[in-house]
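Quick note: numbers below take in every heavy atom, side chains included, and nothing from hydrogens, waters or symmetry partners.
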Amino acid sequence: MATRSTRAASTKRKSSSRRATSAKKPSAAPAVPSIPPGQRVWLLELPWGGLGGGTPAGVTYYKALTAHAYVGTALPSPLAPYASKPYSYLRWLEDELNGSEGPGATAAPMTLRPEQRADVDAIVAAAQRQFRQVHLANDVGTGKTLVAVAAAKAIAQLRGARTILVTVDRPARITIPSWRRTIAALCDEDLCDDDLRWIIMSSDSLRKLMSRNGRPRLKVDVAVIDEAHQFRHASKRTSYMRRLTRMDGPHEKAPFVLTITATPGHHPGEWGYLSSLYAQVHDDPPARWADFGRALAERGVPLKTSYGKWTWTAEAKESLPMQQAAISDVRDILLRHDPPLMLTRSAPWGPPPFDVDLVELTPDQWRAYELEWGDFQREMQLARTGNNVARGLAALVRLRQKASLIRVEHTVAAAKAELERGYQVLIATEMVSTAAHPVAELLEADGIPVARIYGSNPQAESERMRFQRGEAPVVVFNTPTAINLQAREQFADGTFATDTPRRGFFHQARYSGLLAEQTMGRAHRNHQVCAWSLLI
């Protein structure tokens with residue numbers, strides 16, 4: 001049995017051992033880089049795994065910044081391609097660390113058309129009257145990005161603001177450069193912004209702007225929310241956006257917010273990103289409108305909750321006039337306000353020409369389709385009998401996949417016919433492995449270069465430019481928003497896309513009318529007409 005003195009000695013040895021072990025541990029790495037006088041820090045966007053399988057000499061990863069950094073008098077040329085981009089959050093962090101701002105972006109100048117300048121004036125007028133938000137709902141392709149940048153700059157100057165946050169839709173490798181170019185290009189005697197700090201971020205990256213306690217890391221003065229229909233449902237990114245723009249805070253303390261989308265939602269219950277503005281118009285606290293669908297339903301809009309989301313009531317679902325009347329009533333509260341708080345300018349070149357092209361399957365293809373259709377019917381019947389929603393969805397996806405594969409050669413044939421007529425062709429899909437990929441491969445097997453903008457392609461912007469410059473006469477894509485595939489697009493260097501007319505095909509129909517309209521607007525925009533067909 002151990003004596004008391006033996007136990008004490010053992011405890012002392014363990015304590016000494018712990019102290020010795022603790023003394024041997026290296027000190028914790030600094031949270032941020034140390035910058036000697038006369039030097040600066042560059043934050044880098046290195047690929048996963050570093051360069052050549054490792055971290056370059058002189059580069060250190062800082063967990064607190066979630067970024068690699070290089071400190072020195074000049075950035076080595078091999079690291080230059082990975083330097084932070086102007087107007088990125090990484091550049092914002094870099095500028096904070098250095099205490100000075102890095103170089104901005106450059107682009108060929110762009111000017112506002114008279115109708116765009118009128119829209120800017122209307123937005124600024126609302127800001128001057130202390131309204132917290134305006135919604136820009138002009139038609140797809142009318143130049144909303146240019147209007148938004150000009151309005152944000154003017155409002156920042158009006159309010160003495162500095163920080164402007166822009167949220168964009170995917171793919172960020174295309175949408176962020178597009179906004180960066182527009183910000184740099186719009187600089188005339190009224191709109192230069194040498195003292196403004198822009199942060200352009202994908203909506204999926206907004207969590208980077210949140211601290212561990214759930215509060216924003218920075219104070220946003222002006223926010224531009226592009227493709228605002230992304231925030232029509234409750235989600236993490238919607239929660240981040242609401243906190244960053246202080247939507248539930250007092251009207252007088254909120255930043256000015258410009259929301260943008262030509263397709264606000266399937267019904268007014270999905271316009272929750274406008275809740276604070278409606279609260280202000282009704283002279284209510286924002287919390288009273290936070291559940292936007294409920295606030296509308298209490299005011300007589302025919303909405304009900306279903307699986308946690310707001311939708312039309314049974315009566316409204318059966319009556320298109322009732323739906324249209326409800327949409328008009330809710331929209332007109334902002335549209336007819338003085339000053340107007342919603343802008344809805346129609347495209348002077350009209351809606352995209354649209355038609356349905358029937359595909360005649362071969363006998364073998366018909367047999368294959370009928371077989372799949374029979375399997376689908378049986379699965380759906382079983383799903384309904386057992387009330388198995390997942391089984392029904394799986395059957396639906398499987399049928400769409402099989403039908404898509406059956407029609408690949410017909411879509412390719414239609415595209416080749418339009419190429420012979422002198423068009424550049426857009427082929428819109430939704431699925432990748434059973435639609436986008438086989439269509440692109442069959443075209444390339446026939447010697448036709450194809451630009452691929454689908455999946456998680458890191459070269460999305462270079463692929464887009466291949467199509468826009470005519471190096472690839474066909475583009476296969478499944479991105480419905482925020483990319484430009486029109487003829488005569490002006491690039492940052494002042495050159496233009498080909499003036500070859502565009503022709504579009506839906507290889508797969510979109511269930512959402514919003515996404516279908518947005519998809520057609522990729523090429524039917526800015527006075528460039530693109531006819532579309534749905535192949536069925």
>> Please determine whether side chain to side chain donor-acceptor pair (under 3.5 Å) holds for the pair His437 and Glu441, giving the CA-CA distance in whole Å, both sets of side-chain angles, and the decisive distance to 0.1 Å.
In response: CA-CA 6 Å; His437 199 56; Glu441 285 198 326; 3.2 Å; yes
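Looking only at distances, no side-chain donor or acceptor of Arg525 sits under 3.5 Å from a matching main-chain atom of Met520. Put simply, the side chain of Glu420 never gets that close to the backbone of Ala417: no donor and acceptor are under 3.5 Å apart. Side-chain N or O atoms of Arg299 include none that pairs as donor or acceptor with a backbone N or O of Leu296 at under 3.5 Å. Proximity of a side-chain donor or acceptor of Thr261 to a complementary backbone N or O of Glu227 within less than 3.5 Å is not detected. Under the 3.5 Å distance criterion, the side-chain polar atoms of Ser178 are left unmatched by any main-chain donor or acceptor of Ile174. The closest donor-acceptor contact from the side chain of Lys153 to the backbone of Ile183 lies under 3.5 Å. Put simply, the side chain of Tyr240 never gets that close to the backbone of Ser203: no donor and acceptor are under 3.5 Å apart. Proximity of a side-chain donor or acceptor of Arg522 to a complementary backbone N or O of Gln486 within less than 3.5 Å is not detected.
Judged by the 6.0 Å distance and 45° axis criteria, Arg378 is not positioned over the aromatic ring of Phe376. Cation-pi geometry between Arg488 and Phe496 is met: the NZ or CZ atom falls under 6.0 Å from the ring centre, inside 45° of the normal.
A donor-acceptor pair shorter than 3.5 Å can be found between the side chains of Ser533 and Arg503. Residues Glu430 and His507 have side chains that never bring a donor and an acceptor to within less than 3.5 angstrom of each other. Side chain to side chain, Trp310 and Asp291 meet the donor-acceptor criterion of an N or O pair below 3.5 Å. Side-chain contact, Ser512 with His266: a donor N or O sits under 3.5 Å from an acceptor N or O. For the residue pair Arg452/Tyr454, the side-chain donor-acceptor check at 3.5 Å is satisfied. Between the side chains of Thr362 and Asp364, no donor-acceptor pair of N or O atoms lies under 3.5 Å. Side-chain atoms of Arg243 and Ser239 include a donor-acceptor pair closer than 3.5 Å. In summary, the side chains of His233 and Thr238 do not present any donor paired with an acceptor at a separation below 3.5 Å, with no hydrogens or angles considered.
Nearest heavy atom pair, residue Ser202 against residue Ala172, reads CB-CB, 4.0 Å. Counting all heavy atoms, side chain and backbone alike, Ile483 lies closest to Pro171 at CG2-CD, 3.9 Å. Minimum heavy-atom separation, Phe491 to Ala497: CE1-N, 3.4 Å. When every heavy atom of Val432 is checked against every heavy atom of Pro438, the shortest pair comes out as O-CD, 3.7 Å. His524 and Gly350 get closest at one heavy-atom pair: NE2-O, 2.8 Å.
Taking the ring centroids of Tyr278 and Phe292, they lie under the 6.0 Å cut-off. Taking the six-membered ring wherever Trp is involved, the centroid distance between the rings of Trp532 and Phe506 falls below 6.0 Å.
Remark: of the listed residues Asp169, Thr479, Thr263, Thr263 is the sole one forming a side chain to side chain contact (heavy atoms under 4.5 Å, CB included) with Gln518. Among Glu418, Gln468, Arg502, the single residue meeting the side chain to side chain donor-acceptor pair (under 3.5 Å) criterion with Gln424 is Arg502. Between Lys144 and the options Leu343, Leu136, Asp226, a side chain to side chain contact (heavy atoms under 4.5 Å, CB included) holds for only Leu136.
More than 12 heavy atoms of other shown residues, nucleotides or ligands fall within 6.0 angstrom of atom NZ in Lys85. In this structure, Arg170 places its CZ atom where only 12 or fewer heavy-atom neighbours from other residues, nucleotides or ligands lie under 6.0 Å away.
Phe131 and His337 have perpendicular rings, their planes meeting at more than 60° on a 0 to 90° scale where under 30° would count as parallel.
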